[in-house]
Number of protein chains: 2
Amino acid sequence: MTSILIVDDHPLVGDGVSTMIRDVEWLEICGVCKTAKQAMETIQAMRPDLILLDISLPDSDGLQTCEQIRKQDRQVKIIALTSTNEAGIISQFLARGGNGYLLKNMERQELLDAIGDVMNGKIFLSKAANQKILEQYNSVAAAVNKTPMLTRREKEILQLLYEGLTGPQIAEKLFVSPYTIETHRKNLLQKFNVSTTQALLRISKEQKLI
Amino acid sequence: MTSILIVDDHPLVGDGVSTMIRDVEWLEICGVCKTAKQAMETIQAMRPDLILLDISLPDSDGLQTCEQIRKQDRQVKIIALTSTNEAGIISQFLARGGNGYLLKNMERQELLDAIGDVMNGKIFLSKAANQKILEQYNSVAAAVNKTPMLTRREKEILQLLYEGLTGPQIAEKLFVSPYTIETHRKNLLQKFNVSTTQALLRISKEQKLI
DNA sequence: AAATATCTACCTGAAATCAGGTATTTTTTA
DNA sequence: TAAAAAATACCTGATTTCAGGTAGATATTT
């Protein structure tokens with residue numbers, strides 16, 4: 001049996017979900033909350049298996065709420081519910097421990113699929129949300145033309161720098177002079193047109209070179 | 001009409017795809033290559049709309065090939081083909097401009113869906129690959145509990161360090177002494193139990209604190 | 001009101017990075 | 001095979017970071 005807590009200030013949502021899962025015998029709604037505060041208390045008391053979370057609550061934003069819930073309970077599954085498709089925040093929502101993302105105009109079957117997937121440890125996203133996530137990866141490809149060409153050695157050193165090694169440490173590891181590493185570093189800084197290793201690594205990471 | 005170039009050293013793949021799209025009148029196979037080198041030449045000559053790319057070619061690895069192709073032609077769509085599900089490289093493949101990812105044991109309909117989506121500017125991933133990507137976002141949430149507590153000021157400085165500012169630059173920006181910034185940095189290093197700013201930023205980033 | 005947390009500031013010496021070079025050897029490509 | 005690219009190594013001086021402190025001022029919380 002999977003117990004569901006609904007956190008949403010619109011009564012309609014609770015009713016709608018109730019109707020959708022009425023004749024699914026392994027699902028039950030164990031509560032409905034209207035504020036984040038109330039939700040936190042109910043979660044502690046009821047220990048639901050799954051939370052359907054409106055991410056635009058009156059007293060808190062969804063990301064923060066998700067984070068708080070996750071901090072309180074590492075097991076519970078969290079599915080975000082939104083009316084408008086605010087795709088921009090999905091990655092952050094996932095990063096804070098969210099497990100699913102649904103639009104409120106979902107079909108019944110979609111809700112059941114989502115609950116099923118999420119309870120099985122998978123992530124479930126609405127189609128548009130999923131597409132958005134993938135595009136985030138892909139978008140940097142547009143900038144690929146302006147990413148400088150790196151030699152094999154430079155890539156290697158970039159990687160080691162990213163792992164936190166210092167110049168001398170890398171030199172020791174690769175059996176070359178520290179001077180050599182510094183030369184490579186200098187070339188990397190120049191290629192990326194930055195002046196610090198920090199910035200170098202930030203940009204490389206953003207462009208998924210490491 | 002969409003012209004497709006197949007890049008794969010196994011003849012079976014070409015045959016299989018041919019069969020699958022035989023009676024789709026808006027698709028045609030304009031060539032089959034067995035090596036990355038040959039592919040690069042063919043692409044320049046034929047200008048296909050879409051490339052089905054085996055990512056384990058004899059003479060090059062798939063990521064590099066994808067990158068090269070994308071550098072040569074910004075329009076062409078690239079779908080990776082693999083026999084084993086090497087999910088680990090998907091994000092990198094996307095970052096290098098890939099548009100889709102399919103297993104060679106795909107169904108006919110899946111291939112057509114993928115081609116359709118990709119030609120419409122969308123990303124198409126096999127189900128398992130897609131799940132893998134989403135888990136990458138979500139996995140870090142598990143580590144959230146062991147992330148140290150940061151004060152507001154520390155978060156602010158962490159952010160500025162991430163943006164590539166040096167200690168003195170941050171000091172100037174925040175109208176405080178450089179010493180103060182160094183103290184904060186020192187506290188941050190201690191809280192994360194690392195010894196370099198590089199490592200500090202790497203870990204913070206991994207845990208989505210910045 | 002007292003205790004705690006946070007932000008601030010300072011000091012020293014060692015280590016690492018950055019900016020500006022030059023220059024030789026090896027590998028790859030045209 | 002000749003030219004270009006990549007990897008190696010060195011030098012100097014200025015700047016920044018790191019590790020080890022101490023300590024006062026200002027919130028914040030109990």
Side-chain angles (χ1 to χ4, degrees), chain A residues 147-205 209-210, chain B residues 35-41 44-45 59-61 64-65 67-68 71-72 147-205 209-210:
Chain A
T147 66
M149 240 270 273
L150 301 186
T151 69
R152 200 174 313 159
R153 198 56 152 177
E154 283 168 345
K155 280 181 194 170
E156 191 179 6
I157 287 163
L158 186 62
Q159 179 62 42
L160 292 172
L161 283 172
Y162 174 68
E163 287 170 15
L165 301 192
T166 67
Q169 284 171 335
I170 295 174
E172 197 182 356
K173 181 160 191 153
L174 301 183
F175 304 108
V176 295
S177 156
Y179 286 125
T180 304
I181 302 303
E182 287 315 307
T183 301
H184 284 305
R185 189 209 299 266
K186 207 185 331 181
N187 291 336
L188 281 165
L189 292 177
Q190 208 160 35
K191 282 190 179 181
F192 281 87
N193 196 33
V194 294
S195 68
T196 68
T197 303
Q198 241 93 308
L200 169 69
L201 294 175
R202 190 189 79 239
I203 293 176
S204 307
K205 186 69 182 175
L209 295 176
I210 46 178
Chain B
T35 65
K37 197 169 182 178
Q38 199 185 331
M40 293 307 298
E41 294 164 9
Q44 202 146 31
D59 65 330
S60 170
D61 76 289
Q64 228 175 311
T65 312
E67 196 174 353
Q68 254 183 298
K71 211 177 283 176
Q72 190 108 139
T147 64
M149 239 272 272
L150 302 185
T151 68
R152 200 175 312 160
R153 200 56 152 177
E154 282 167 345
K155 280 182 194 169
E156 190 179 9
I157 287 164
L158 185 62
Q159 179 62 41
L160 292 171
L161 283 172
Y162 174 68
E163 287 170 14
L165 301 193
T166 67
Q169 284 171 336
I170 296 174
E172 195 181 358
K173 181 160 193 156
L174 300 183
F175 303 110
V176 295
S177 156
Y179 288 123
T180 303
I181 302 303
E182 288 314 307
T183 301
H184 283 304
R185 191 209 297 264
K186 205 180 340 178
N187 292 336
L188 281 165
L189 291 178
Q190 209 160 35
K191 282 190 179 181
F192 280 86
N193 196 33
V194 294
S195 68
T196 68
T197 303
Q198 241 93 308
L200 169 69
L201 294 175
R202 191 189 78 239
I203 293 177
S204 307
K205 187 67 183 180
L209 294 176
I210 45 179

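Reckoned from all heavy atoms, side chains included, excluding hydrogens, waters and symmetry mates. Just so we're on the same page: letters track the sequence lines, and every chain starts at 1. As the structure is a computational prediction, the values presented were derived from the model and not from experiment.
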Nearest-Å distance, [atom1] ([X]) to [atom2] ([N])?
X: A:Leu165; N: D:dC18; atom1: CG; atom2: C1'; answer: 16 Å
X: B:Asn187; N: D:dT17; atom1: CG; atom2: P; answer: 16 Å
X: B:Phe192; N: D:dC18; atom1: CZ; atom2: P; answer: 14 Å
X: B:Lys186; N: D:dT16; atom1: NZ; atom2: C1'; answer: 15 Å
X: B:Leu174; N: C:dA9; atom1: CG; atom2: C1'; answer: 15 Å
X: B:Ile170; N: C:dT8; atom1: CD1; atom2: P; answer: 12 Å
X: B:Glu172; N: D:dT15; atom1: CD; atom2: P; answer: 14 Å
X: A:Glu154; N: D:dA6; atom1: CD; atom2: P; answer: 7 Å

Give a yes/no answer on whether the side chain of B:His184 brings an N or O atom under 4.0 Å of OP1 or OP2 in C:dT8.
yes
Given C:dT17, is OP1 or OP2 found less than 4.0 Å from the side-chain N or O atoms of A:Arg185?
yes
Compare the minimum distances between each of [options] and the side chain of [X], then state the nucleotide with the smallest one.
X: B:Arg153; options: C:dG21, D:dA9, C:dT8; value: C:dT8
X: B:Thr166; options: D:dG21, D:dT17, C:dT6; value: D:dT17
X: A:Thr151; options: D:dA19, D:dA7, C:dT6; value: D:dA7
X: A:Tyr179; options: C:dT6, D:dA9, D:dC18; value: D:dA9
X: B:Leu189; options: D:dC18, C:dT8, D:dA6; value: D:dC18
X: A:Glu182; options: C:dC7, C:dT17, D:dT17; value: C:dT17

Contact class for [X] vs. all strands (heavy atom < 4.0 Å): base, sugar-phosphate, or nothing?
X: B:Thr183; result: base
X: A:Pro168; result: sugar-phosphate
X: B:Thr180; result: base

Residue pair B:Leu188, B:Val194: steps toward the side-chain contact (heavy atoms from CB on, under 4.5 Å) verdict
CA-CA 9 Å; B:Leu188 281 165; B:Val194 294; over 6 Å; no
With a 6.0 Å cut-off (strictly less than), is the heavy-atom count around CD of A:Glu172, excluding the residue itself, greater than 12?
no
Would the number of heavy atoms belonging to other residues, nucleotides or ligands and lying under 6.0 Å from CD of B:Gln159 be above 12?
yes
The single option from B:Ile157, B:Leu161, B:Thr180 that satisfies side-chain contact (heavy atoms from CB on, under 4.5 Å) with B:Arg185 is B:Leu161
Closest contact, heavy atoms only, B:Lys191 versus B:Met149
NZ-O, 2.9 Å
So which one's nearest nucleotide on DNA chain C is more toward 5', B:Pro178 or A:Gln198?
B:Pro178
